[in-house]
Amino acid sequence: MATTDETEAATDWTGRPFSCQDCPHKELRAGGRCVLGRICVRDKRSKRIDRFFAQNSALAGEYLDHLYFEVRALAAKYANPFQVARLMKDREPEVRAMAALRLPIARVREMSKDKDRAVRIACALRLEGADLVAMAHDEDEHVRLTVARRLDPSLLPMLCADPSATVRRYLVGRLPPERLFGLMHDDDAVVRREAAERVPPEVLGALINDPDLRVRFVVADRAPRDIAIRLVNDEDPEVRARAHERKTESRP
């Protein structure tokens with residue numbers, strides 16, 4: 001039988017087995033709030049630690065200085081936010097990221113320049129307005145992508161020149177079609193193709209000579225018939241075939 005979270009033997013974060021004999025929370029066992037191998041703060045398994053704090057959130061503040069970073073991070077998830085402030089400078093990014101998800105916004109703002117991207121992503125998930133806009137210029141594309149997911153659509157054009165094609169591809173899905181004209185001529189072919197799939201069909205003539213066959217296929221498929229049939233001699237057989245199909249259509 002494969003080992004799972006429910007069957008793996010109880011060992012602590014140093015890898016040593018342990019029992020309930022010297023546990024400081026013996027009184028919790030009677031109510032099922034502490035169960036060896038399932039709900040236990042001494043275990044190395046994060047799910048078991050998380051279950052302990054979910055059942056005993058009042059004890060979370062007592063574990064914010066624990067030596068094991070998983071315990072500190074999960075304790076921060078359940079502790080009083082004012083107790084969590086001490087973790088803003090924790091040595092582990094995972095702990096600082098959890099703190100950023102729990103602290104008051106004023107404290108989160110202080111953490112938005114953290115050296116680790118996981119922490120900055122957590123900040124981007126919390127901040128609003130000008131604070132979030134300021135993070136649109138972060139050096140890491142994952143942070144900027146998080147910002148793009150949360151910015152008001154009216155502010156998204158500021159990211160159209162983002163150095164990451166991943167961010168620009170995401171923008172194509174959020175911007176209204178009439179704001180995609182600039183991305184039709186993006187350096188990245190996937191960005192151009194996805195923009196071509198959303199812009200008004202009548203503007204697709206601008207892409208009829210695109211170097212990427214996927215973009216030209218979209219033109220043959222979506223553009224008005226008089227534009228699409230200009231691709232009947234395209235170098236790509238699939239583009240030519242679709243253009244020929246459009247040529248025989250009776251609709252405009």
Side-chain angles (χ1 to χ4, degrees), residues 73 76-77 88 90 92-223 236 238-239:
K77 179 180 175 181
M88 291 174 64
D90 193 273
E92 292 292 337
E94 183 175 333
V95 178
R96 299 197 303 276
M98 182 61 73
L101 293 173
R102 299 289 325 283
L103 288 169
I105 292 299
R107 291 301 185 93
V108 178
R109 191 179 296 121
E110 296 175 34
M111 302 178 72
S112 64
K113 300 294 185 181
D114 191 277
K115 63 183 179 180
D116 191 275
R117 77 176 184 189
V119 181
R120 301 198 304 277
I121 288 173
C123 292
L125 289 170
R126 297 284 315 284
L127 294 173
E128 304 280 355
D131 295 321
L132 183 61
V133 169
M135 298 194 73
H137 304 292
D138 191 274
E139 64 183 23
D140 188 276
E141 72 169 21
H142 294 84
V143 177
R144 299 196 305 276
L145 185 58
T146 303
V147 172
R149 288 172 175 153
R150 298 200 60 242
L151 274 179
D152 186 276
S154 65
L155 297 174
L156 288 176
M158 67 182 292
L159 289 170
C160 284
D162 192 276
S164 168
T166 301
V167 174
R168 301 196 305 276
R169 289 171 197 166
Y170 180 77
L171 294 181
V172 173
R174 281 204 72 198
L175 285 166
E178 64 273 13
R179 302 300 296 273
L180 295 175
F181 300 139
L183 293 173
M184 288 172 57
H185 304 287
D186 194 90
D187 290 337
D188 184 83
V190 176
V191 174
R192 298 197 305 275
R193 175 179 59 80
E194 294 183 1
E197 290 174 344
R198 294 199 61 228
V199 295
E202 59 271 18
V203 305
L204 288 173
L207 296 175
I208 201 164
N209 294 315
D210 192 277
D212 192 277
L213 65 89
R214 295 168 295 180
V215 178
R216 299 196 306 278
F217 185 88
V218 175
V219 176
D221 185 59
R222 290 194 67 231
D236 181 78
E238 293 188 20
V239 176

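Between R150 and E128, at least one side-chain N (NZ, or NE/NH1/NH2) sits under 4.0 Å from a carboxylate O, which counts as a salt bridge.
Taking all atoms of both residues into account, the shortest heavy-atom contact from A97 to A122 is O-CB, 3.5 Å. Closest of all the heavy-atom pairs between L183 and C160 is CD2-O, 3.9 Å. Of all non-hydrogen atoms in A124 and L132, the two that sit nearest each other are O-CD1, 3.5 Å. Taking every heavy atom of both residues into account, K77 and R102 meet most closely at O-NH1, 2.9 Å.
You'll find the side chain of F181 reaches within 4.5 Å of the side chain of V203, heavy atoms only. Between P153 and R174, some side-chain heavy-atom pair lies under the 4.5 Å cut-off. Proximity of V172 to D186: side-chain heavy atoms (C-beta onward) are nowhere separated by under 4.5 Å. Contact annotation: the side chain of M98 never approaches that of E92 to less than 4.5 Å [non-hydrogen atoms, C-beta and beyond]. Side-chain contact between L213 and R216: present, with at least one pair of heavy atoms (C-beta onward) separated by less than 4.5 Å. Side-chain contact check for E110 versus L103: every heavy-atom pair is 4.5 Å or farther apart.
With hydrogens and angles ignored, the 3.5 Å screen pairs no side-chain donor or acceptor of R149 with any backbone N or O of Y170. Under a 3.5 Å cut-off, the side chain of R214 and the backbone N or O of V190 do not form any donor-acceptor pair. In this structure a side-chain-to-backbone donor-acceptor pair under 3.5 Å is present from R222 to A196. Remark: the backbone N or O of V108 is not paired with any side-chain donor or acceptor of S112 at under 3.5 angstrom. Judged by distance alone, with hydrogens and angles left aside, the side-chain atoms of R144 form no donor-acceptor pair with the main-chain N or O of D162 at under 3.5 Å. Not one N or O on the side chain of R109 forms a donor-acceptor pair closer than 3.5 Å with the backbone of D131.
Residue-environment remark: CG (D187) stays at or below the threshold of 12 foreign heavy atoms within 6.0 Å.
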*Just do the side-chain contact (heavy atoms from CB on, under 4.5 Å) check on V133 and L155 with the steps written out, would you?*
CA-CA 8 Å; V133 169; L155 297 174; 3.9 Å; yes
*Given the rule in the side-chain contact (heavy atoms from CB on, under 4.5 Å) test, do R107 and R126 qualify, once you have shown the distances and angles that lead to the verdict?*
CA-CA 11 Å; R107 291 301 185 93; R126 297 284 315 284; over 6 Å; no
*Give the intermediate values and the outcome of side-chain contact (heavy atoms from CB on, under 4.5 Å) for residues V143 and M135.*
CA-CA 8 Å; V143 177; M135 298 194 73; 3.9 Å; yes
*asked:* What verdict does the side-chain contact (heavy atoms from CB on, under 4.5 Å) test give for V219 and D210, after you've listed the backbone C-alpha separation in whole Å, the side-chain angles of each residue and the deciding distance to 0.1 Å?
replied: CA-CA 9 Å; V219 176; D210 192 277; over 6 Å; no
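R120 contributes atom CZ, which lies 4.0 Å from atom CG of D138 (distance to the nearest 0.5 angstrom). The structure places CZ of R192 at 6.0 Å from CG of D212, a figure rounded to the nearest 0.5 Å. Here R168 contributes atom CZ and L175 contributes atom CG; the two are 13.0 Å apart, rounded to the nearest 0.5 Å. Taking CE of M184 as the reference point, atom CG of L204 lies at 6.0 Å (rounded to 0.5 Å). Note: I121 CD1 to D114 CG = 11.5 Å, rounded to the nearest 0.5 Å. A distance of 9.5 Å separates CG in L145 from CG in L159, rounded to the nearest 0.5 Å.
Counting only residues at least two apart or in different chains, salt bridge (Lys or Arg N to Asp or Glu O under 4.0 Å) contacts with residues 194-206 comprise R193-E197.
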